[in-house]
Each structure stands twice: as C-alpha cells, then as structure tokens.
Amino acid sequence: MKDVAERFWAKVDKSGECWLWTAALDSHGYGQLMFPGNRPIKAHRVSFELAHGPIERGMCLSRLRHPRMCTA
C-alpha cells in the first residue's frame, strides 16, 4: 500500500490559495481518506499530522477559518 503522504498529496489540488481536496467527502462535506479496515480519517487531520506530527490526545483542530474542502 502507498504510504500516507503519497496517498494524501495525490488527492490535493495545490493550484490556488485554498488547496482543494479532490477525493471523497464525508456526509458533512469534509475530505477524508480511507485507511485499512475501512477506517475513514479526515483530510485536515492527515494534513496537520504530516506538517506537525501526531495530534495530542484532547487536542481539537478548528476548521472555522477554511472552507471544508481546503486542506491547508
């Protein structure tokens, strides 16, 4: 299986100011990737972890400043 970063970046259109998620969306319009065992992970969480490392327990990532399809 492709590594997470390779799978993630293959689904991001970085041609504009808002990097658009071009793959699957959940029922609320947020980008997501499927992981082994059909476990969905939100694209903005993968983006954060690729840039900053693991999300600490109890940490909440705010999506208020970006449209739902923007990954960064």
[atom1] of [X] to [atom2] of [Y]: how many Å apart, nearest 0.5 Å?
| X | Y | atom1 | atom2 | result |
| --- | --- | --- | --- | --- |
| H52 | S47 | NE2 | OG | 7.5 Å |
| Q32 | L25 | CD | CG | 8.0 Å |
| W21 | F8 | CH2 | CZ | 5.5 Å |
| I41 | R7 | CD1 | CZ | 10.0 Å |

Taking all atoms of both residues into account, what is the closest heavy-atom pair of P54 and E49, and its distance?
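Closest pair (atom of P54, atom of E49, distance): CA-OE2, 3.9 Å.
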Could you work out, with side chain to side chain donor-acceptor pair (under 3.5 Å) as the rule, every residue matching S15, not counting sequence neighbours?
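With neighbours one apart ignored, the set is D13.
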May I ask you to test the V46-L33 pair for a side-chain heavy-atom distance under 4.5 Å?
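Heavy-atom side-chain distance check passes, below 4.5 Å.
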Should the ring pair W19 and W9 be called parallel, tilted or perpendicular, given that the plane angle runs from 0 to 90° and is split at 30 and 60?
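Judged by the thresholds at 30° and 60°, the geometry between W19 and W9 is perpendicular.
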